[in-house]
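Read the structure below first, then the notes.
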There are 2 protein chains.
Amino acid sequence: MMAAPKLDPIDLKILNAIQRDGRITKLALADKVGLSPTPCWMRLRKLEKAGIVSGYHASIAIRVVAPVATVLMEVTLASHRQADFDRFERVIRDIPEIVACWSVGGGVDYVLKVMARDIDSYQRLVDSLLEREIGIDRYFTYIVTKTVKDETVLPLADLLPPHS
Amino acid sequence: MMAAPKLDPIDLKILNAIQRDGRITKLALADKVGLSPTPCWMRLRKLEKAGIVSGYHASIAIRVVAPVATVLMEVTLASHRQADFDRFERVIRDIPEIVACWSVGGGVDYVLKVMARDIDSYQRLVDSLLEREIGIDRYFTYIVTKTVKDETVLPLADLLPPHS
DNA sequence: CTTGAAAGATGGGGTGC
DNA sequence: GCACCCCATCTTTCAAG
């Protein structure tokens with residue numbers, strides 16, 4: 001990792017290409033972004049070293065193999081000292097079935113995304129959380145009945161200020 | 001894509017390895033799962049062909065380059081005919097800044113995850129959605145103040161029934 | 001499952017513009 | 001900055017045993 005460099009339109013094209021195809025070859029990438037292989041490869045290396053490319057991952061379509069329950073959960077803590085937030089977050093981070101956790105403003109403290117084998121497993125997970133006394137005051141469960149969209153590809157063009 | 005095959009423990013190891021490192025070489029993968037390269041490669045190909053491996057993607061740490069606003073949004077539609085859901089979902093799917101959308105049971109119809117340059121951009125997006133008359137009755141905004149966790153790696157061992 | 005081999009990709013080097 | 005060579009090594013893919 002190093003200081004965040006400015007991104008020009010070619011860097012953006014590189015990021016967009018590897019977001020969509022993480023196993024694209026350096027030659028095909030160079031071709032796609034309109035550079036020759038060497039400078040393209042040097043840019044990619046710089047983006048990786050800067051931590052802008054944080055990793056490469058295969059996406060698994062788990063539903064092809066087995067049904068899975070996805071649940072969104074709102075959580076409010078009983079007390080709001082820094083230590084209470086820290087304890088809660090530390091526990092959450094260690095539970096693999098909790099695949100996302102956002103601290104939010106607006107009525108509740110956290111929104112979590114949980115994946116489990118089924119609703120029973122989800123409820124057992126919740127029960128075990130409540131038993132562990134990690135400061136949960138109230139929670140609310142939204143069972144996901146359909147995943148309309150779940151993008152791995154970020155809309156970089158919309159997120160980055162023009163030319164960097 | 002083909003029929004869902006059963007997954008044995010070695011398939012699971014392969015999936016876990018490529019989830020964590022999408023650019024691992026076939027030799028290193030074979031070594032890691034305790035197979036020689038050819039059978040390992042054939043298993044991987046089968047997993048890809050079956051659609052269980054749905055793609056390979058680079059993860060971009062956008063925050064290293066520029067600040068980004070993440071927002072969770074609850075949406076309730078005004079009327080609940082199939083056509084109303086379809087219209088809403090069709091519009092949502094075409095908006096890149098809406099990176100996720102879950103249809104849920106429990107008080108509201110949808111929960112959305114939106115990424116935008118800042119809160120202003122988010123609000124403009126919401127305003128444009130309301131103007132488009134796609135049936136939104138009420139919405140509620142949760143501004144994400146901290147992403148505690150956002151895993152790309154699924155807890156396969158917890159999600160799959162023992163031995164397939 | 002193993003070995004082996006051909007085709008291609010990678011990660012450099014260097015030169016010149 | 002870039003393109004256009006070069007090369008040695010590794011990776012991928014598949015045939016044959």
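Every chain is numbered from 1 and lettered A, B, ... according to where its sequence line falls, protein lines coming before strand lines.
For the residue pair A/Asn16 and A/Gln19, a side-chain donor N or O sits within less than 3.5 Å of a side-chain acceptor on the partner. Residues B/Asp118 and B/Ser121 bring a donor and an acceptor atom of their side chains to less than 3.5 Å of each other.
We find that CE of A/Met42 is positioned 11 Å from P of C/dG13, with the value rounded to whole Å. One can place CG of A/Leu35 at 5 Å from P of D/dA3, the figure rounded to the nearest angstrom. As a whole-Å value, the separation of A/Leu29 CG from C/dT10 C1' is 13 Å. The CD atom of A/Glu48 sits 13 Å away from the C1' atom of C/dT10 (whole-angstrom rounding).
At least one cation-pi condition fails for B/Arg43 and B/Trp41: the charged atom is not both under 6.0 angstrom from the six-membered ring centre and inside a 45 degree cone around its axis.
Atom NZ of A/Lys149 is surrounded by more than 12 heavy atoms from other residues, nucleotides or ligands within 6.0 Å.
The pair B/Glu89-A/Lys146 counts as a salt bridge, with a side-chain nitrogen and a carboxylate oxygen less than 4.0 angstrom apart.
Contact check for A/Tyr142 versus B/Glu74: side-chain heavy atoms found under the 4.5 Å cut-off.
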TODO: Classify every nucleotide of nucleotides 12-17 of chain D by which part a protein heavy atom approaches to under 4.0 Å, writing B for the base, S for the sugar-phosphate alone and - for neither, in 5'-to-3' order.
DONE: BSB---

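Distance from the side chain of A/Pro39 is smallest for D/dA3 among the nucleotides D/dG1, D/dA3, C/dC1.
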